[in-house]
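Presented below is the structure to which this report refers.
Each chain gets a letter, A, B and so on, in the order the sequences are listed, and its residues count up from 1.
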Number of protein chains: 2
Amino acid sequence: MAPRKNFQHLDHRLADALEVMGEWWTPLIIMAVSSGAFRFESIQNSLGIARNILTDRLNTLVAGGVLEKRMYTEKPERYEYHLTAKGLELVPILQDLERWGTRHN
Amino acid sequence: MAPRKNFQHLDHRLADALEVMGEWWTPLIIMAVSSGAFRFESIQNSLGIARNILTDRLNTLVAGGVLEKRMYTEKPERYEYHLTAKGLELVPILQDLERWGTRHN
DNA sequence: CAGTATCCGCGGAGATACTG
DNA sequence: CAGTATCTCCGCGGATACTG
């Protein structure tokens, strides 16, 4: 479930960041959450990502401390996904990347 | 050869950047080149990436205008890979990502 | 609505051997 | 030294159906 890469031979620190951020959808999910899509269906609709992949990416991001689950209903238990402090620091970086892509097209 | 993703339904501009940067090895290759590994063997050795994948990524990066080939020997034809202006703009962004990963570990 | 469960295809990635 | 050529494995990602 949690995607694991084997880069022990690479002590490159960028590789550590890519361990969490390396999957294609991950940056898009983070930007979706940062723009107000906190719930599963909401993220899924705004991105069109497959549901099983979204489940996997959300779990990985929670495990990596980028997102945190916040219960908003007890019965039944329902969670929203919010950026942690660590996740919030990622947003401006992704915006830079976005601008870079926009600048050169 | 050139990896192609289908995200026409996503007009998200970040997706355009990820079209070039989305593959796992790509950021590491860019940082390797930016730190002086200009030649095939040199990049390959410093990263430990499979040769066929490196060939593919280099072609994609050249096609995407991030790297450019520079001939340094005529017989036989040998090329170095250097960052373009567009590629150079990526470096500080990747350094930010690197610092982000380092900060939270 | 928020997931979980399957099934499947494709391509990323590794390993290795070969060529100019 | 700089690739190209194969072969194989595996996991991402898509699609869809199902559950509480």
Side-chain angles (χ1 to χ4, degrees), chain A residues 1-10 12 15 18-29 32-33 37-64 67-82, chain B residues 1-10 12 15 18-29 32-33 37-64 67-82:
Chain A
M1 117 195 303
R4 196 61 36 195
K5 299 279 164 70
N6 46 335
F7 295 93
Q8 295 80 356
H9 60 291
L10 268 184
H12 203 289
L18 292 172
E19 196 95 11
V20 191
M21 292 293 300
E23 310 305 329
W24 204 92
W25 280 110
T26 309
L28 293 168
I29 292 172
V33 172
F38 299 126
R39 304 186 182 179
F40 191 93
E41 219 73 9
S42 163
I43 302 173
Q44 205 273 325
N45 285 333
S46 81
L47 294 180
I49 181 177
R51 305 177 73 81
N52 51 345
I53 298 296
L54 179 54
T55 298
D56 186 280
R57 288 307 101 88
L58 287 175
N59 289 337
T60 320
L61 285 168
V62 168
L67 295 180
E68 62 179 4
K69 295 171 81 166
R70 236 176 254 175
M71 191 187 300
Y72 69 95
T73 298
E74 292 202 346
K75 288 180 60 171
E77 292 192 5
R78 293 276 182 267
Y79 295 93
E80 290 183 336
Y81 296 87
H82 288 264
Chain B
M1 112 193 308
R4 195 62 35 192
K5 300 278 165 68
N6 47 335
F7 294 94
Q8 295 81 355
H9 59 289
L10 268 185
H12 203 289
L18 292 172
E19 195 95 11
V20 191
M21 292 293 300
E23 309 305 330
W24 204 92
W25 281 109
T26 308
L28 292 168
I29 292 173
V33 172
F38 300 125
R39 304 184 182 180
F40 190 93
E41 219 72 8
S42 164
I43 302 172
Q44 205 273 323
N45 285 333
S46 83
L47 294 181
I49 181 177
R51 305 176 73 80
N52 52 347
I53 298 297
L54 179 54
T55 298
D56 186 279
R57 286 308 101 86
L58 287 175
N59 289 337
T60 319
L61 285 168
V62 168
L67 295 181
E68 61 179 4
K69 295 171 81 166
R70 237 177 252 178
M71 190 187 301
Y72 70 93
T73 296
E74 292 202 345
K75 288 180 61 170
E77 291 193 5
R78 293 278 181 268
Y79 294 94
E80 289 183 338
Y81 296 87
H82 287 265

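- In this structure, A:Thr55 does not reach the C:dG3 phosphate: none of its side-chain N or O atoms is under 4.0 Å from OP1 or OP2.
- Inter-residue side-chain proximity for B:Thr60 and B:Val20 is flagged as unmet; no heavy-atom pair is nearer than 4.5 Å.
- Here the side chains of B:Tyr81 and B:Glu68 are not in contact, with every heavy-atom distance at 4.5 Å or above.
- Remark: B:Arg51 is not in phosphate contact with C:dC18, judged by side-chain N or O atoms under 4.0 Å from OP1 or OP2.
- Considering only side-chain N and O atoms, B:Trp25 lies under 4.0 angstrom from the phosphate OP1 or OP2 of C:dG14.
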Task: Residue pair A:Lys69, A:Arg78: steps toward the side-chain contact (heavy atoms from CB on, under 4.5 Å) verdict - done: CA-CA 9 Å; A:Lys69 295 171 81 166; A:Arg78 293 276 182 267; over 6 Å; no

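- Side-chain contact check for B:Arg39 versus B:Tyr72: some heavy-atom pair is nearer than 4.5 Å.
- Put simply, CD on A:Gln44 is 12 Å from P on C:dG3, counting in whole angstrom units.
- Residue A:Tyr81 places at least one side-chain N or O under 4.0 Å from the OP1 or OP2 atom of C:dG3.
- In this structure, A:Trp24 does not reach the D:dG14 phosphate: none of its side-chain N or O atoms is under 4.0 Å from OP1 or OP2.
- Residue B:Ile53 contributes atom CD1, which lies 14 Å from atom P of D:dA5 at whole-angstrom precision.
- Atom CZ in A:Phe40 sits about 12 Å away from atom P in C:dC1, given to the nearest Å.
- Going from atom NZ of B:Lys69 over to atom P of D:dA2 covers 12 Å, rounded to whole Å.
- Here the side chain of A:Gln44 pairs a donor or acceptor atom with the backbone of A:Ile49 at under 3.5 angstrom.
- Summarising the geometry, the separation between CG on A:Asn52 and C1' on D:dC18 is reported as 13 Å, rounded to the nearest angstrom.
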TODO: Dot-bracket notation for DNA chain D is requested: 5' to 3', Watson-Crick or G-U wobble pairs only, both distances under 3.5 Å, with ( ), [ ], | and . as defined.
DONE: ||||||||||||||||||||

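- For the atom pair CD of A:Glu23 and CG of B:Leu18, the computed distance is 12.0 Å after rounding to the nearest 0.5 Å.
- As a whole-Å value, the separation of A:Glu41 CD from C:dG3 P is 9 Å.
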- [ ] Walk me through it: do A:Phe40 and A:Thr55 pass the test side-chain contact (heavy atoms from CB on, under 4.5 Å)?
- [x] CA-CA 8 Å; A:Phe40 191 93; A:Thr55 298; 3.6 Å; yes

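- Distance, B:Ile43 CD1 to D:dC1 P: 14 Å, rounded to whole Å.
- One interatomic measurement links the two molecules: CZ of A:Arg57 to C1' of D:dC12, which rounds to 7 Å at whole-angstrom precision.
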